[in-house]
K.L.:
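My questions all concern the structure below.
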Amino acid sequence: MTAEDPIKVMKQKVGEAAAARVQSGSIVGLGTGSTTAYAIQAIGDRLKSGDLKDIKGIPTSFQATVLAKEYGIPLTTLDEVDRIDIAIDGADEVDPQRNLIKGGGAAHTREKIVDALAVQFVVVVDSGKLVDKLGSTFLLPVEVLPMAVTPVMRMLEKLGGKPQLRMGVKKAGPVVSDQGNLIVDVKFDSIDDPEALEKTINNIPGVLDNGLFVGLADVVLVGDIQDGQPVVREV
Ligand code: 5RP
């Protein structure tokens with residue numbers, strides 16, 4: 001192995017492995033994040049080489065749109081298609097039941113729409129994302145309409161969470177999602193019932209969606225380093 005950053009290597013390998021599963025003629029959900037970026041690049045490479053033909057991508061974010069255009073992947077919308085064959089997307093945490101926390105890139109609302117519609121939703125992560133229990137390493141992102149942010153944060157506290165408004169990096173003020181909303185990241189001491197918490201939070205008026213993805217992942221591909229070599233395994 002080279003002296004490259006091992007996390008980057010794991011992300012690249014797992015992204016490429018997911019891209020290799022895309023078949024000609026498919027409608028492909030294009031996820032968001034640094035791992036999916038490698039998958040989008042690899043899909044573009046396969047199209048360019050002629051190994052893959054006649055696919056269309058449905059992007060989950062502005063980032064995915066930009067990358068798809070850069071790598072020559074034709075795009076479509078949910079209004080134009082009657083199916084998504086495969087969606088490839090990253091995650092911030094994956095538990096043993098393949099439930100996820102997503103939203104590190106503030107794109108979970110659109111990601112959930114696309115990933116949930118896919119016949120096969122393939123999650124791509126490096127091994128550092130595997131946890132025994134959701135919420136152990138990552139805060140739970142919640143997308144909120146700006147005018148409702150204060151009451152929503154109060155309600156999240158009542159549910160036992162510690163909410164904080166996500167602030168921008170290299171941008172003064174809060175992060176604004178692709179839909180023009182705000183992101184509240186919530187620390188829960190323990191997420192014992194992800195399915196119930198997902199529904200309870202989404203029931204708060206003003207919440208668009210939260211980053212719990214329960215029962216959606218069909219395949220989880222994990223990039224790992226074993227004996228100094230990058231490997232990809234399926235869990
Ligand atoms: C964006 C997401 C990403 O898929 C998640 O944050 C993982 O990102 P990365 O692959 O960069 O670690 O949910 O909203």
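For ligands, and for the atoms within them, numbers begin at 1 and follow the listed sequence. Below, each value reflects all heavy atoms present in this structure, side chains not excepted, and no hydrogens, waters or symmetry copies. By convention here, the first residue in the shown sequence is residue 1.
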K.L.:
Check whether any side-chain heavy atom of S61 sits under 4.5 Å from a side-chain heavy atom of E111, and report yes or no.
P.N.:
no
K.L.:
Considering only non-hydrogen protein atoms, determine which one is nearest to atom 10 (O) of ligand 1 and report residue, atom name and distance to 0.1 Å.
P.N.:
T35 OG1, 2.5 Å
K.L.:
Please examine the side chains of S24 and D54, heavy atoms only from C-beta on, and report whether any two atoms are closer than 4.5 Å.
P.N.:
no
K.L.:
Taking only heavy atoms of G90 into account, list the atoms of ligand 1 that are under 4.0 Å away from them.
P.N.:
4 (O)
K.L.:
Run down the list T109, L100, D92 and name the one with the heavy atom closest to atom 7 (C) of ligand 1.
P.N.:
D92
K.L.:
Does A91 approach ligand 1 within less than 4.0 angstrom via side chain, backbone, both or neither, non-hydrogen atoms only?
P.N.:
backbone
K.L.:
Between K129 and A91, is there a donor-acceptor pair closer than 3.5 Å when you use the side chain of the first and the backbone of the second?
P.N.:
yes
K.L.:
Which atoms from ligand 1 have a heavy atom of A106 less than 4.0 Å away?
P.N.:
14 (O)
K.L.:
I need the nearest protein heavy-atom contact for atom 12 (O) of ligand 1: residue, atom name and distance, please.
P.N.:
K129 NZ, 2.8 Å
K.L.:
Which of these, V81, T77, L30, V28, sits in a side-chain contact (heavy atoms from CB on, under 4.5 Å) with I58?
P.N.:
V81
K.L.:
Hey, could you give me the CG/CZ distance between L67 and F62, rounded to the nearest 0.5 Å?
P.N.:
10.5 Å
K.L.:
Go through ligand 1 atom by atom and flag the ones less than 4.0 Å from a non-hydrogen atom of D89.
P.N.:
4 (O)
K.L.:
I'd like to know if E143 and K112 make a salt bridge, using a cut-off of under 4.0 Å between side-chain N and carboxylate O.
P.N.:
no
K.L.:
Between K133 and D192, is there a donor-acceptor pair closer than 3.5 Å when you use the side chain of the first and the backbone of the second?
P.N.:
no
K.L.:
Can you check whether I191 reaches D95 side chain to side chain, under 4.5 Å on heavy atoms?
P.N.:
no
K.L.:
Against heavy atoms of E111, which atoms of ligand 1 measure under 4.0 Å?
P.N.:
1 (C), 2 (C), 4 (O), 13 (O), 14 (O)
K.L.:
Quick one: look up the protein heavy atom nearest atom 3 (C) of ligand 1 and list residue, atom name and how far away it is.
P.N.:
T32 O, 3.2 Å
K.L.:
Taking both backbone and side-chain atoms of K11, is any N or O found less than 3.5 Å from an N or O belonging to ligand 1?
P.N.:
yes
K.L.:
Counting each atom of ligand 1 from 1 as listed, which ones have a heavy atom of K102 under 4.0 Å away?
P.N.:
2 (C), 3 (C), 4 (O), 13 (O)
K.L.:
With heavy-atom distances below 4.0 Å as the criterion, list the atoms of ligand 1 near G103.
P.N.:
2 (C), 13 (O), 14 (O)
K.L.:
Among G105, S34, G33, which residue places a heavy atom closest to atom 11 (O) of ligand 1?
P.N.:
S34
K.L.:
Check if G31 has a non-hydrogen atom at a distance under 4.0 Å from any atom of ligand 1.
P.N.:
no
K.L.:
If you define the side chain from C-beta out and look only at heavy atoms, does anything of V186 sit under 4.5 Å from L139?
P.N.:
no
